[in-house]
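The structure appears below as structure tokens.
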Amino acid sequence: RARREGLAMALKAFELDPSLEGVRSQIWDRVNGYRWWKEDIAKKEGSLAEFAKGYRTFGITRSEKGFTYREWLPEAKQVFLVGEFNGWQNSTPLHPEGFGRWAVHLPDKPGGGGSAVPHRCQVKVRVETKDGAWIDRVPAWTRLAWQDLGTNLFNGVVWDPPKDERYEFRYARPARPAALKIYEAHVGMSSMYPKVATYLDFAENVLPRIKRLGYNAVQLMAVAEHAHYGSFGYHVTSYYAPSSRCGTPEELKQLIDTAHSLGLVVLMDLVHAHLSSNSLDGIAMIDGTDYCYTHGGAKGHHEQWDSKLFHYMKYEVLRFLLSNLRWWLEEYRFDGFRFDGVTSMLYHSHGIDKSFSGDYQEYFGLDADVDAHIYLMLANDLIHELVPGAVTVAEDVSGMPTLCLPLADGGFGFDYRLAMAVPDTLIRMLREVSDDAWEMTFLCHTLTNRRWKEKCIAYCESHDQAIVGDKTIAFWLMDQEMYTGMSMIEAPVASPVVDRGLALHKVLRLLVLGLGGEGY
């Protein structure tokens, strides 16, 4: 007990905020759980970094003599790999290895006849469930998935291009900027034409503009494959596959390398808070149960998002998620992550109908999901070990104390949190108050009201305001005048609504940039 209390007292979090003494035991439970998991993984796997190499063992992996396909399906009775290579027949069985693992080795054809499963071959895993039903699923670790236009369902794709077709990175990662200026973007929506834009379109046409506008980072939405395009990438179905609508894996690598050549840091909008409930195209119920990668029953379902919730303390779920971080950092050279939906992860209630008044029991009481806290700490530890200059940003509206303190100080290890109260306040002002009645004291207080020593990324608006159930600040300021008053043809005399709207737009951006946080 003395050792435990001594370590707890040594955490710098209590020096920075003495009020945390009242919840010392809860903070210690989180820190102790993180340390236990890290030590346990190191004993069994060598280190956290080694544990996060799961993609070298699971999925379809290449060796000198052929492919091996391995999947974690703990409740399966029989498993087959089916696809174009075997006419979609049950002729390639996987064999149980223990601990829920199934595997099959697919040797290359003799005499240099090529791979048994060729490049671009479409595949699925066929499972006999414990109830005797047969289901076809997309392999959980697939590195690419394509939609079958005949069925509208997705298949896994073996991506093993010849050496001369593989993209070779040419540029080093840029150094992490002292002050981030982030441009949020969705590749598919970035074209001026009515089409889904590609990775190469974005690299050629949008990245130079981002650089020219003075940004030093770009944050990409909707990177991981998602069967429902209208989800904006937030209902992920294949965690290791980049969205195939925008191009190939090699073309995404080219986009990121081009950004690095311009000195731009590239962040990925990462969705580890939940997964798509679409079991036909995703990993939900991949072994026929609702408790494989997720919690079973009501605990495993997010009622507002209609999605499934990861069971973060299952060993193979941890391997899957931590390896996913390493995959995007090493295979594609992303420079960090914006963790989506962190508020939902932090609390059993997912923050639904909670006001977060500032009472610390709201953050550290019985509603705190310590399992998710431990996962977030392990994730930040791994990311910063692999890429010391990596950036991690938490999308948290609750204001969880210690979220952006270092792990050694008792924090979660995030570099920044999104200052989500800022855009909410701006939109509320625009809706409810005439601009000549804005209260500057209130506005400046909101912009500077953040926890000491915990950095924030401030912003006027993001996709949440601009395209998900709301409208842009420009539309709030100028509304229908946007359609006519901005055209020199239709309005040769300057529109006072547009002039005033543009001026106020600039003032708001300047205020938020100057006062709102340590990044923008």
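Numbering of residues begins at 1 and proceeds along the displayed sequence. What you see is a predicted model; the values in this text were computed from it and never measured.
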Show every donor-acceptor pair shorter than 3.5 Å between a side-chain atom in residues 399-413 and any protein atom, with sequence neighbours excluded, or say none if there are none.
unit_1 : atom_1 : unit_2 : atom_2 : d
T402   : OG1    : R30    : NH2    : 3.1

Pair up each side-chain donor or acceptor in residues 317-327 with any protein partner under 3.5 Å, not counting sequence neighbours, and list the distances.
unit_1 : atom_1 : unit_2 : atom_2 : d
R319   : NE     : E316   : OE1    : 2.7
R319   : NH2    : E45    : OE2    : 3.3
R319   : NH2    : E316   : OE2    : 3.3
S323   : OG     : A52    : O      : 3.4
S323   : OG     : G54    : N      : 2.9
S323   : OG     : R319   : O      : 2.7
N324   : OD1    : H272   : NE2    : 2.9
N324   : ND2    : Y239   : O      : 2.7
R326   : NE     : E330   : OE1    : 3.1
R326   : NE     : E330   : OE2    : 3.0
R326   : NH1    : A49    : O      : 2.6
R326   : NH2    : E330   : OE2    : 3.1
W327   : NE1    : Y240   : O      : 3.1

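Under the side chain to side chain donor-acceptor pair (under 3.5 Å) criterion, Y183 pairs with no residue, sequence neighbours left out. Applying the side chain to side chain donor-acceptor pair (under 3.5 Å) test to S244 and every residue at least two apart in sequence or in another chain returns E225. For the side-chain contact (heavy atoms from CB on, under 4.5 Å) test, residues two or more places apart in sequence or in another chain that qualify with D290 are M285. Residues meeting the side-chain contact (heavy atoms from CB on, under 4.5 Å) test with N86, sequence neighbours left out: V82, S91, T92. With sequence neighbours left out, D281 forms a salt bridge (charged side-chain N to carboxylate O under 4.0 Å, His left out) with no residue at all. Under the rule for a side-chain contact (heavy atoms from CB on, under 4.5 Å), the partners of T198 that lie at least two apart in sequence or sit in another chain are L200, D201. Legend: residues meeting side chain to side chain donor-acceptor pair (under 3.5 Å) with S191, ordered by chain and number and at least two apart, are absent. Looking at residues two or more places apart in sequence or on another chain, you find a side-chain contact (heavy atoms from CB on, under 4.5 Å) between D306 and S277, H301. When the side chain to side chain donor-acceptor pair (under 3.5 Å) test is applied to K253, the partners found at least two apart in sequence or on another chain are E331.
For the side-chain contact (heavy atoms from CB on, under 4.5 Å) with V265, the qualifying choice from D335, V218, I182 is D335, the only one to do so.
Identified under the ring-ring contact (aromatic ring centres under 6.0 Å, His included) test for residues 155-176, with sequence neighbours left out: H119-W159, Y167-F169.
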| Going through the checks in order, is the side chain to side chain contact (heavy atoms under 4.5 Å, CB included) test met by T294 and H311? | CA-CA 5 Å; T294 62; H311 191 319; 5.8 Å; no

| task | Given salt bridge (charged side-chain N to carboxylate O under 4.0 Å, His left out), test R338 with D340 step by step and report yes or no. | result | CA-CA 6 Å; R338 169 203 181 265; D340 177 69; 3.2 Å; yes

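Aromatic pair H186/F202: ring centres not closer than 6.0 Å. Here F154 and H226 keep their ring centres 6.0 angstrom or further from each other. Taking the ring centroids of Y34 and Y375, they lie at or beyond the 6.0 Å cut-off. Separation of the W72 and Y293 ring centroids falls under the 6.0 Å cut-off.
In this structure, V127 and L73 have side chains that are in contact, with non-hydrogen atoms separated by less than 4.5 Å. Side-chain contact between E395 and T343 is absent, with no heavy atoms from C-beta onward closer than 4.5 Å.
A perpendicular orientation is assigned to the rings of F339 and F414, their planes being inclined by more than 60° (bins at 30° and 60°). Ring-plane geometry between Y363 and Y360 is classed as perpendicular, the angle between the planes exceeding 60 degrees on a 0 to 90 degree scale with a lower cut at 30.
Neither side chain, H373 nor Y347, offers a donor N or O lying under 3.5 Å from an acceptor on the other.
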